[in-house]
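What follows is a short report on a single structure.
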Amino acid sequence: MVTNTTKPINVALVEDDDRIRRTVALILNRASDCRCIGQYGTGEEAVSAIPSLAPQVIIMDINLPGMDGVECVRQLVAQGVKSQFLMLTVHKDADAIFDALAAGAGGYLVKPIPSAQLLAAVRDVYCGGVPMTSSIARKVIQAFQQRPPEPT
């Protein structure tokens, strides 16, 4: 999906692994329709800096030193940040998935992820979609299928 805008999608990145952070920023900046406007290694740095940047998309790791990524999303949302949050993490457990979605995440991807899939997910969440790695989508569906039916 290519966006219908001539301006690039402004993306902020919150990832504690320097190598991954640099690689993701490079992937974003090489795309003609994306631009990494901020990179942060901790949730605390992100909560302090991101609100004034007003990125359209925030790529967020869950496992961060200090404040984790889910709490970072909660705090940014509480500050009125209107960005789309895209979780990019190694966590595949249902609790992490649902905590992130409940906090305000609009997508959930599992590392490692091919560059093309990452860029497609950024474009998708920016345009209102809900990108998820297929194994994560399967867990979400299974969780709903296991819920007892609502009494009528």
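Here the structure is a predicted model, which is why all the values come from computation and not from measurement. Along the sequence shown, residues are numbered consecutively beginning with 1. Hydrogens, waters and symmetry mates play no part in the numbers below; they use all other heavy atoms, side chains included.
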Legend entry - Validation row: Arg30, Leu26 side chains within 4.5 angstrom (heavy atoms): yes
Inset, instruction - Output the distance between atom CD1 (Ile37) and atom CD1 (Ile9), rounded to the nearest 0.5 Å. - result: 11.5 Å
Legend entry - Heavy-atom donor-acceptor pair, Thr23 side chain to Arg19 backbone, under 3.5 Å: yes
Inset, instruction - Check whether any side-chain heavy atom of Gln84 lies under 4.5 Å from a side-chain heavy atom of Tyr126, and answer yes or no. - result: no
Legend entry - Note, His91 side chain near Asn63 side chain (heavy atom, < 4.5 Å): yes
Legend entry - Check: Val130 and Val125 side chains under 4.5 Å, non-hydrogen atoms: no
Legend entry - Step-by-step salt bridge (charged side-chain N to carboxylate O under 4.0 Å, His left out) determination, Arg21 to Asp61: CA-CA 10 Å; Arg21 190 171 60 245; Asp61 188 14; over 6 Å; no
Legend entry - Non-hydrogen atoms of Ala100 and Met87 that approach each other most closely: CB-CG, 3.8 Å
Legend entry - Test item: Thr89 side-chain N/O and Val110 main-chain N/O as donor-acceptor pair under 3.5 Å: no
Legend entry - Short N-O contact, Asp33 and Lys7, less than 4.0 angstrom: no
Side-chain donor-acceptor distances from residues 50-60 under 3.5 Å, at least two apart:
{"from": "Ser52", "atom 1": "OG", "to": "Ala49", "atom 2": "O", "distance (Å)": "3.1"}
{"from": "Gln56", "atom 1": "OE1", "to": "Asn10", "atom 2": "N", "distance (Å)": "2.6"}

Inset, instruction - Please report the shortest heavy-atom distance between Val77 and Ala103, naming the atom on each side. - result: CG2-O, 3.8 Å
Legend entry - Flag side-chain contact, heavy atom, 4.5 Å: Ile113 against Leu88: yes
Inset, instruction - Considering non-hydrogen atoms only, spot the tightest contact between Ala121 and Leu109 and give its length. - result: CB-CD1, 3.5 Å
Inset, instruction - Evaluate the side-chain proximity of Arg35 to Leu28: yes if any heavy-atom separation is below 4.5 Å, no if none is. - result: no
Inset, instruction - Using distance alone, with no hydrogens and no angle criterion, decide if Gln79 and Gln75 have a side-chain donor and acceptor under 3.5 Å apart. - result: no
Inset, instruction - Of all the heavy-atom pairs spanning Asp16 and Pro65, show the shortest one and how long it is. - result: CB-CD, 3.5 Å
Legend entry - Spatial distance of atom CG (Leu86) from atom CG (Leu13) [nearest 0.5 Å]: 10.5 Å
Legend entry - Among Val14, Leu101, Leu76, the one residue meeting side-chain contact (heavy atoms from CB on, under 4.5 Å) with Phe85: Leu76
Legend entry - Presence of salt bridge, Arg22 and Glu15, under 4.0 angstrom: no
Inset, instruction - Measure the shortest side-chain to side-chain distance between Asn29 and Cys34 over non-hydrogen atoms and say whether it is less than 4.5 angstrom. - result: no
Inset, instruction - Work out which heavy atom in Leu64 is nearest to a heavy atom in Gly41; give both atom names and the distance. - result: CD2-O, 4.2 Å
Legend entry - Check: Ile20 main-chain N/O paired with Asp17 side-chain donor or acceptor under 3.5 Å: yes
Legend entry - Side-chain touch Phe98/Lys139, heavy atoms, less than 4.5 angstrom: no
Inset, instruction - For the pair Thr42 (side chain) and Glu45 (backbone), establish whether a donor and an acceptor sit closer than 3.5 Å, ignoring hydrogens and angles. - result: yes
Inset, instruction - Identify the heavy atoms of Ala46 and Cys72 that sit nearest to each other, and give their distance. - result: CB-SG, 3.8 Å
